Novice: 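Sharing a structure here in structure tokens format.
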Amino acid sequence: MQFNGSVPEYLIVPFIEGDGIGPEIMDAARRVLDAAVQKAYGGDRIIQWKEIFAGEKAKEKYGEYLPKETLEAIRQYKIALKGPLQTPVGGGIRSLNVALRRELDLFACIRPVRYFPGVVAPVRFPERLNVVIFRENTEDVYSGIEWRKDSMEAQKVIRFLNDELSCGIKDDSGIGIKTISESASKRLVSMAIEYAIAKKRKSVTLVHKGNIMKYTEGAFREWGYEVAKEKFRESVITEKELHENGGMKPSSSRLGRDTDGKNAERGMRSAEWGISKEIVINDRIADNMFQQILLHPDDYDVIATPNLNGDYLSDACAAQVGGLGIAPGANVGDNTAVFEATHGTAPDIAGQNIANPCSLILSGAMMLEHIGWNEAADLVISAVSVTLKNRQATIDLASSMEDATPLTTSDFADALIKNMKLKKQ
């Protein structure tokens, strides 16, 4: 997911304010990111922000929710930072976020999920979860191929399936078509493995429902293993191959379930068996994965999954560490990347200066890392960690913290900037 091209010291970054709380959290995010770049590079590198438009603001300015000028700007500058967008009601674009991903071929939704000390979480040991989820962004049920009950299209498809293929579908059914392709699956898994190797992570887990949907999600699993062996043979080993090399020495006494339902000891780096591979490739059935990520979160590292599973799983993981308010995200393709808040527009608190900007700020840190400005990215992440550990937070987090100091959106940004400390050399 590294930036495709050279990065100028004077970098133009398009941004979409977003709807609802978008303007407030975008202002906070830009100030924090500017401060991090200034502190890290002392003026030698600068972000020039360029506003582009989508959502309600675009409708007012251009008469449409996603103008071509916005798409052209993102293609030109290759990156963008985006606030939350409200999906239009009553026709038009089905989802602005889905439309952006499709138009720009942002095929990977990347969601790092980690715990920040000080945040109150619903599980006993939230610090054990530290995963990066790669969710395929362009296919699955999100591809939008569906027809309403009793529509001409639905009836035509039902007649064909019943008459030609004897499927026995009820006449009063709505119809949806789920597509998962080899090409899209392999490029998603390839990106996940490349990330795991570059970041020295220990495993990549393919999450699927292939025991039931054998030719879509089951195929995703098979294609994932295929591309791992075809492109990354020198760096990866499968969980099955580890078993064949004498079993897997567990990192604890826990026993889990593999995808065939047999007991399998997990949580093991291949190096501990004298096998010179960097990454273990395994897979888990989706419903079992929800149990595993709760019971044994530290057994998982990088996760690659089709679209719908990834949507569920990324939000469920975020809930384990305190919620979407501290969960960053990016939509990444071969040539462009859009970094975004992962939560909604929260219109009920818009304009009150109380919204939590952490998700967008941490997404901005992902953007800095993407372009190779790692020192600035580290400053942002460490500042968030220190500030939350000090129980300085917006009201959504502070209300559940003991002896916390509730801050406004803008005051929270000020606290982050104050808590930015360069590491001693």
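Numbers for residues simply follow the sequence, beginning at 1. Quantities reported herein were computed from a predicted structural model and do not represent experimental measurements.
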Novice: Salt bridge check, Arg187 against Asp105: does any charged N sit closer than 4.0 Å to a carboxylate O?
Specialist: yes

Novice: Could you state the interatomic distance from CH2 (Trp373) to CZ (Arg45), rounded to the nearest 0.5 Å?
Specialist: 6.5 Å

Novice: Say you draw a straight line from CG of Asp411 to CG of Asn353; how long is it, rounded to the nearest 0.5 Å?
Specialist: 7.0 Å

Novice: With rounding to the nearest 0.5 Å, note down the distance linking CG in Leu313 to CD1 in Ile133.
Specialist: 4.5 Å

Novice: Between the side chains of Lys186 and Glu182, is the shortest nitrogen-to-carboxylate-oxygen separation below 4.0 Å, so that they form an ion pair?
Specialist: yes

Novice: Hey, is Glu51 close enough to Lys61 for a salt bridge, meaning N to O under 4.0 Å?
Specialist: no

Novice: Can you tell me how far apart CD1 (Ile46) and CG (Asp34) are? Round to the nearest 0.5 Å.
Specialist: 9.5 Å

Novice: Run the side-chain donor-acceptor check on residues 375-384: report pairs under 3.5 Å with partners two or more places apart or on a different chain.
Specialist:
from, atom 1, to, atom 2, distance (Å)
Glu375, OE1, Tyr41, OH, 2.6
Ser382, OG, Asp378, O, 3.0
Ser382, OG, Leu379, O, 3.1

Novice: Of the options Asn288, Asp287, Thr305, Asn309, which is the one that meets Lys209 in a side-chain hydrogen bond (donor to acceptor under 3.5 Å, both in side chains)?
Specialist: Asp287

Novice: For the backbone of Arg148 and the side chain of Ser151, can you confirm whether one donor and one acceptor N or O come within less than 3.5 Å of each other?
Specialist: yes

Novice: May I ask you to establish whether Arg114 and Phe116 are in a cation-pi arrangement, using a distance under 6.0 Å from NZ or CZ to the six-membered ring centre and at most 45° from the ring axis?
Specialist: yes

Novice: Do the non-hydrogen side-chain atoms of Leu100 and Glu340 ever get within less than 4.5 Å of each other?
Specialist: no

